[in-house]
K.L.:
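Could you have a look at this structure, given as structure tokens, before my questions?
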Amino acid sequence: MKKRHNDLDLGRTEAAMNTASHRRLVVKIGSTLITDNGLGIAVEAIHDWARQIARVRETGRQVLLVSSGAIACGMQRLGWEKRPREVRELQACAAVGQMGLAQIYQEAFARHGLNTAQVLLTHDDLADRKRYLNARSTLNTLLSLGVIPVINENDTVVTDEIRFGDNDTLGALVANATEADILLILTDQAGLYSADPRKDPQAELVREAVAGDAALEVMAGGAGTAIGTGGMLTKVLAAKRAARSGAHTVIASGREADVILRVAEGAAIGTRLIARTEALAAKKQWLADHLQTAGQFYLDEGAERALRAGKSLLPIGVISVIGDFERGAAVACIGADGREIARGLANYSGSEARRIARHPSQEIEALLGYVADPEMIHRDNLILLD
């Protein structure tokens, strides 16, 4: 007898994911939705998604939008029916399409008094530690300004070696970088099924499972459509990646009425793939397990007390800096008794840190010519060891 979904060991959690309590969402919209199955840019749908995001923003939550569709949009503007294979044609196609998409998003959000920013990323931007921190800083700054970041892969400059290959992966990386609580992947399907519902009438919708469960990858199967490059497998793998930083993933139909707003409010829609570890706990555990540090900050007693009180490390509390390291490196914080009391990710390189040590934060710009952050280490990127 064929094994049905309800009999599969999907590692269900004891309690349902409460999306209503989360503060930051990454919403990824696929090419098939953006282009209305390849018929043309779905302007009305884009305006409706913008309306939903605007309402979510009114609840105090922050939203980042990862949008596919630049190449698909370019294909339609150029009159191409088949997705090109050559990188140079993909790049040209994306360059044409990005102009149109950016304009549509800007107009859609402007109706609700919201500004948008186009952010184009490559794999190198999130693989290189320094560029990763710069990208994360830009995204966090845009959110603090109340701007909606509209993020896409920078298809105009990518090569085969640095392409994400699908924006599901990009969505997960953005969730990791911004420490989002929820990755909402909108697709043309209701969610993940136990089998291909087009071939198996007994296929069941997977309502909830643990991200990273191997059984999910078997269910997810293969490729996407002629318009997009992904498929359900890329979404399952994206959920697995997003879970590493504690982000839960929801896979749902973008054609579901008020899907973004309802997911933000905690409604059980589509497939919910749950991370085992909360976002902050995941980062703290990574820092604790990071055995090799690139340098040391020696702290005065005031700085040590501040860290123990849950505050950030400021330059004025750093007596000396040891090591030649880049911005974003893991460094050890040494207390007055010579023991490592904490470790974290440095906002400045070793040479920069030496120049601003023992100085108040307001003097950083005068000393370096710029300000990356007012803290030497932000409290969210720091863990106490004793």
K.L.:
Find out whether Arg23 and Asp181 are in side-chain contact, i.e. whether some heavy atom of one side chain is under 4.5 Å from a heavy atom of the other.
P.N.:
yes
K.L.:
Over all heavy atoms of both residues, which pair between Gly254 and Leu186 is shortest? Give the atoms and the distance, please.
P.N.:
CA-CB, 4.0 Å
K.L.:
Starting at CD1 of Ile316, measure out to CE of Met376 and round the result to the nearest 0.5 Å.
P.N.:
11.0 Å
K.L.:
Run the numbers on Ser68 and Ile29 for side-chain contact (heavy atoms from CB on, under 4.5 Å), then give the verdict.
P.N.:
CA-CA 6 Å; Ser68 299; Ile29 305 176; over 6 Å; no
K.L.:
Can I get a per-line list of side-chain donor-acceptor pairs under 3.5 Å for residues 362-373, giving both atom names and the distance, sequence neighbours left out?
P.N.:
from: Glu363; atom 1: OE1; to: His359; atom 2: ND1; distance (Å): 2.9
from: Tyr370; atom 1: OH; to: Glu352; atom 2: OE1; distance (Å): 3.3
from: Tyr370; atom 1: OH; to: Glu352; atom 2: OE2; distance (Å): 2.8
from: Asp373; atom 1: OD2; to: Arg327; atom 2: NH2; distance (Å): 3.4

K.L.:
List the residues meeting side chain to side chain donor-acceptor pair (under 3.5 Å) with Thr178, not counting sequence neighbours, and say none if there are none.
P.N.:
none
K.L.:
Taking C-beta and beyond as the side chain, do Val66 and Val27 meet within less than 4.5 Å on heavy atoms?
P.N.:
no
K.L.:
Tell me whether Asp258 is salt-bridged to Arg51, with the criterion being a basic N under 4.0 Å from an acidic carboxylate O.
P.N.:
yes
K.L.:
Tell me every residue that passes salt bridge (Lys or Arg N to Asp or Glu O under 4.0 Å) with Glu326, counting only those two or more places apart in sequence or in another chain.
P.N.:
none
K.L.:
Could you name each residue pair satisfying side chain to side chain donor-acceptor pair (under 3.5 Å) that touches residues 137-151, not counting sequence neighbours?
P.N.:
Arg24-Asn140
K.L.:
For side-chain contact (heavy atoms from CB on, under 4.5 Å), just list the numbers for Thr122 and Glu153, CA-CA rounded to whole Å, side-chain angles, deciding distance to a tenth of an Å, and then say yes or no.
P.N.:
CA-CA 6 Å; Thr122 68; Glu153 182 176 6; 5.8 Å; no
K.L.:
Which residues pass the side chain to side chain donor-acceptor pair (under 3.5 Å) test with Glu304, sequence neighbours left out?
P.N.:
Arg308
K.L.:
List the atom of Arg379, the atom of Ser312, and the distance in Å for their closest heavy-atom pair.
P.N.:
N-OG, 2.9 Å
K.L.:
With a 3.5 Å distance limit and no angle check, can you tell me whether Asn167 reaches the backbone of Asn152 through a side-chain donor-acceptor pair?
P.N.:
no
K.L.:
Ignoring hydrogens and geometry, is there a side-chain-to-backbone donor-acceptor pair from Thr169 to Ala238 under 3.5 Å?
P.N.:
no
K.L.:
Between Arg83 and Leu90, does the side-chain contact (heavy atoms from CB on, under 4.5 Å) criterion hold? Intermediate values first, please.
P.N.:
CA-CA 8 Å; Arg83 181 184 175 93; Leu90 287 168; 4.0 Å; yes
K.L.:
Got a sec, which residues hit salt bridge (Lys or Arg N to Asp or Glu O under 4.0 Å) with Arg305, two or more places apart in sequence or on another chain?
P.N.:
none
K.L.:
With a 4.5 Å cut-off on side-chain heavy atoms, are Val259 and Gln52 touching?
P.N.:
yes
K.L.:
Answer yes or no: is there a side-chain heavy-atom contact under 4.5 Å between Ile34 and Trp49?
P.N.:
yes
K.L.:
Taking the side chain as every heavy atom from C-beta outward, state whether Leu170 and Leu121 have any pair of such atoms under 4.5 Å apart.
P.N.:
yes
K.L.:
Under the side chain to side chain donor-acceptor pair (under 3.5 Å) rule, collect the residues that match up with Glu217, sequence neighbours excluded.
P.N.:
none
K.L.:
So, His248 side chain and Ala275 main chain: donor-acceptor pair closer than 3.5 Å or not?
P.N.:
yes
K.L.:
Between Leu313 and Ile319, is there shared hydrophobic-cluster membership here, with clusters defined by ILVMFWY side-chain heavy atoms closer than 4.5 Å?
P.N.:
no
K.L.:
Which residues, ordered by chain and number, are linked to Ile322 in its hydrophobic cluster, where ILVMFWY side chains connect at heavy-atom gaps below 4.5 Å, directly or through other members?
P.N.:
Tyr298, Ile334
K.L.:
Give the minimum heavy-atom separation between Ala195 and Asp200, together with the two atoms involved.
P.N.:
CB-OD2, 3.6 Å
K.L.:
For the residue pair Thr187 and Thr32, establish whether any side-chain heavy-atom pair is separated by less than 4.5 Å.
P.N.:
no
K.L.:
According to salt bridge (Lys or Arg N to Asp or Glu O under 4.0 Å), who are the partners of Glu86, at least two apart in sequence or on a separate chain?
P.N.:
Arg88
K.L.:
Can you list everything that forms a salt bridge (Lys or Arg N to Asp or Glu O under 4.0 Å) with Arg358? Sequence neighbours excluded, please.
P.N.:
Asp300
K.L.:
Can you confirm whether more than 12 heavy atoms, excluding those of Gln106, are under 6.0 Å from its CD atom?
P.N.:
no
K.L.:
I would like to know whether Cys93 and Leu78 meet side-chain contact (heavy atoms from CB on, under 4.5 Å); could you show each step before the answer?
P.N.:
CA-CA 8 Å; Cys93 203; Leu78 293 170; 4.3 Å; yes
K.L.:
Considering only heavy atoms from C-beta outward, does the side chain of Asp188 approach that of Arg255 to under 4.5 Å?
P.N.:
yes
K.L.:
List the residues meeting side-chain contact (heavy atoms from CB on, under 4.5 Å) with Ala357, not counting sequence neighbours, and say none if there are none.
P.N.:
Val318, Val321
K.L.:
Can Arg61 and Thr59 be counted as having a side-chain donor-acceptor contact under 3.5 angstrom?
P.N.:
yes
K.L.:
Quick one: list whatever passes side chain to side chain donor-acceptor pair (under 3.5 Å) with Arg131, sequence neighbours left out.
P.N.:
Asp125
K.L.:
What about Met99 and Tyr105, same hydrophobic cluster or not, with Ile/Leu/Val/Met/Phe/Trp/Tyr joined at side-chain heavy-atom distances under 4.5 Å?
P.N.:
no
